[in-house]
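For reference, the structure I am asking about is given below.
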Amino acid sequence: MQNHKVASLLNRVADYLEMDDVDFRTKAYRRAAHTIETLSVDIAQIRKQGKLQKLPGVGTHIGVKIEEILDTGKLEYLENLKEQYPVDLDSLMSVEGLGPKKIKLLYHELGITNLDDLEREGKRHHIRRLKGMGAKTEAKILQNLEFARKSTGRQLLGEVMPLARKIKEKVGALEAVEEVKIAGSIRRCQETVGDIDVLTVTNHPDEVMDFFTQMDIVDEVVVKGHSKSTVRLFNGMDADIRVFKTDEFGSALVYFTGSREFNISLRKIAISMDMKLNEYGVFHQEERVAGATEEDVLNALGLDYIPPELRENTGEIEASLEGKLPQLVDYSDINGDLHVHTNWSDGKSSIMEMATGAAGRGYEYLAITDHTTLPVASGLNEKRLRQQMDKIDQVNSQLNDIVLLKGAEVNLDSVGNLDMPQNLLEGLDLVVASVHYDLHQDPEKMNERIGQALENEQVDMLAHPTGRKIKERQPSPLNIEKLLEKASDTGTILEVNSQPKRLDLKDMHIKMAVEYGCQLAINSDSHHVDSLGFLELGVATARRGWAQKKDIVNTLPRKKLWKKLGLI
DNA sequence: GCCGTTTTCGGCCCGACTGTTTTCAGTCG
């Protein structure tokens, strides 16, 4: 899949065009880039079918440029732009407060092309002499430059979520605050998060701003106003707060939940209806038509309510207009977890502790799926696995509300053989297969390797199918369409792994899997009783992939699941 | 550069904050 590459080159073109104050052409490139970035199929595939120009935002010119990128890996037009401004745009743009216009000015007047140049000229106080700049701007640039160098970029949803909830709790506890909600990419449950957006209803904005900017987790106040403030937190992440009136809160939520592209589409709809949409409401002439709740706002635009996880402008608006939005799976639909580890392998909790924890979450069943043989995970050998099966029988006899399934997470070798004999697998209730090494074979080999495992009748499920770790490890370069087809043919369940770093399958692939008619299971893969709750992240990801209850096997009640697994 | 229940030409989302400005440009979300 070269989608990401194509999108980022088009975005880069837009950056350069913006330096020269080209307005609408810039927008055109960004729009096309967004379409491709969020595409759930391979752009090369669409090109083969001759359908590039059917994509929203792609016309004749950009279409040709996409073909050039696919054929040569490069774009002549972009290379020319780069020659005109030979600057390290990536790093300079990462300095807060610097955009294309200022970068152009700095290059032209001072020859600044990278962060080192920027620091040098700043310290010599040359920047403050430029038109439109001053001592304050210069000082800010120097300060933000330091931050840009250290910054690690976006952080994992699973890691940021607890902090966001803490802030919500603190702000919500204020007497002056009537309502508080986390918006932004956290509410949309994107796998990574750039900042924390807090929205409040209050009649005492200044009081809320004072509190927010003085919280003990705040390192530095970036901006402070009467309706908006931004702080930098101890972990290097920014948090924004906005205050609104009760009758504005719905439109504010819509606006600050985004995504940006979703908002732009909504506004266009408003305009086409001779109305105006902003964060304060939907307006016809000067009269407010809606604003108090999200439902009101969307309904005023002729739309059904759209869950936050879907708001990416990738088809949900059209579906909403036609009344064809899916009824998304919900955490409350989940009846069990089919992939957890215990202290028999690399987990930290006992079988009984995991069982009790799962029962406490209201689950009807829990599959114990410790690693086999894998040395780095203290995997079980045949003898230990048989012992564990006996142990599970014994624990089961002490449990009332929940039933444990005897499972294992077996390992695929380089050609797709399993690390446990077939007759032993036959005795298990649930066999989970997964790849743990040799993750970067060429695609064909990888598809064949996994395909062989899926064809094994004893294999019920494929765990973390692409093996990616967000920000750490690329997904295996396998052909995802072929994998989905195979899983669909063999009836093998594909996992939505809920580990914050994995979220694998990811949203886009889940959407594809649903279209291919694959069966999915959302599992925590937890190694400790306290991390069973990760499963909620997996549910959120599945929702982003348009998955419904019927697509997820562990929403089934016990008997029906047993039937599916051939246990009764 | 793209697009069309109103268009094949003339539009293209909207507002807050800051710093530098005597009325606004740049940046951000």
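Computed from a predicted model, the values in this text were never measured in an experiment. The basis for the numbers below is simple: all heavy atoms, side chains too, and nothing from hydrogens, waters or symmetry mates. Lettering of chains follows the sequences in order, A, B, ..., and the numbering in each one begins at 1.
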- Item | Lys/Arg N to Asp/Glu carboxylate O, A/Asp206 vs A/Lys224, below 4.0 Å | no

Of B/dC12, B/dC14, B/dC17, the nucleotide closest to the side chain of A/Lys276 is B/dC14

- request: May I ask you to check if A/Lys104 and A/Tyr85 form a cation-pi contact, with NZ or CZ under 6.0 angstrom from the six-membered ring centre and within 45° of the axis?
  value: no

- Message: Say we look at B/dC9 and B/dC14: how far apart would their C1' atoms be, to the nearest angstrom?
- Response: 25 Å

Rounded to whole Å, NZ of A/Lys131 lies from C1' of B/dT22 at a distance of 14 Å

Check nucleotides 2-6 of chain B for protein N or O atoms closer than 3.5 Å to its own N or O atoms and list the pairs.
residue, atom, partner, partner atom, Å
B/dC2, OP1, A/Gly59, N, 2.6
B/dC2, OP1, A/Gly59, O, 3.4
B/dC2, OP1, A/Ile62, N, 3.2
B/dC2, OP2, A/His61, ND1, 3.4
B/dC3, OP1, A/Gly57, N, 2.7

Answer yes when A/Lys245 and A/Glu248 have at least one side-chain N-carboxylate O distance shorter than 4.0 Å, and no when they do not. no

Give me, pair by pair, the N or O atoms of the protein and of nucleotides 26-29 of chain B that are less than 3.5 Å apart, along with how far apart they are.
residue, atom, partner, partner atom, Å
B/dT27, OP1, A/Gly99, N, 2.8
B/dT27, OP1, A/Gly99, O, 3.1
B/dT27, OP1, A/Lys102, N, 3.0
B/dT27, OP2, A/Lys101, N, 3.4
B/dC28, OP1, A/Gly97, N, 3.0
B/dG29, N2, A/Tyr255, OH, 2.4

Taking for A/Val223 and for A/Lys27 the nucleotide of DNA chain B with the nearest heavy atom, the one nearer the 5' end belongs to A/Lys27

Rounded to whole angstrom, note down the C1' distance from B/dT8 over to B/dC2. 12 Å

With rounding to the closest Å, how many angstrom separate the P atoms on B/dG15 and B/dG10?
26 Å

Whole-Å distance, A/Met275 CE to B/dC14 P, equals 13 Å

(Q) By the 4.0 Å heavy-atom rule, please label A/Ala252 as base, sugar-phosphate, or nothing. (A) nothing

P-based separation of B/dG26 from B/dT22 [nearest Å]: 14 Å

Assert: residue with more 5' nearest nucleotide on DNA chain B, out of A/Asn278 and A/Val222, is A/Asn278

When both distances are under 3.5 Å in a Watson-Crick or G-U wobble arrangement, the nucleotide paired with B/dT8 is none

*Beyond-backbone contact of A/Thr113 with A/Leu118, side-chain heavy atoms, under 4.5 angstrom*: no

Should the pair A/Glu169-A/Arg165 be classified as a salt bridge under the 4.0 Å nitrogen-to-oxygen rule? no

- Query: Can you tell if the side chain of A/Lys276 reaches within under 4.5 Å of the side chain of A/Ile271, non-hydrogen atoms only?
  - Reply: no

Can you tell me how far P in B/dT21 sits from the matching atom in B/dT27, rounded to whole Å?
15 Å

### Query
Quantified in whole Å, what is the C1' atom distance between nucleotide B/dT20 and nucleotide B/dA25?
9 Å

Between A/Glu191 and A/Arg468, does a salt bridge (charged side-chain N to carboxylate O under 4.0 Å, His left out) hold up when you go through it step by step?
CA-CA 13 Å; A/Glu191 61 190 36; A/Arg468 71 150 179 179; 2.7 Å; yes

- Item | Cation-aromatic face contact A/Arg188/A/Phe256, 6.0 Å, 45 degrees | no

In whole Å, what separates the C1' atom of B/dC17 from that of B/dT23? 16 Å

What I want to check is whether the side chains of A/Thr466 and A/Asp504 have a donor and an acceptor closer together than 3.5 Å. yes

When A/Gln190, A/Arg544, A/Arg543 are each screened for side-chain hydrogen bond (donor to acceptor under 3.5 Å, both in side chains) with A/Asp507, the one that passes is A/Arg544

**Request:** State whether A/Thr137 places a side-chain N or O below 4.0 Å from either non-bridging phosphate oxygen (OP1 or OP2) of B/dT20.
**Result:** yes

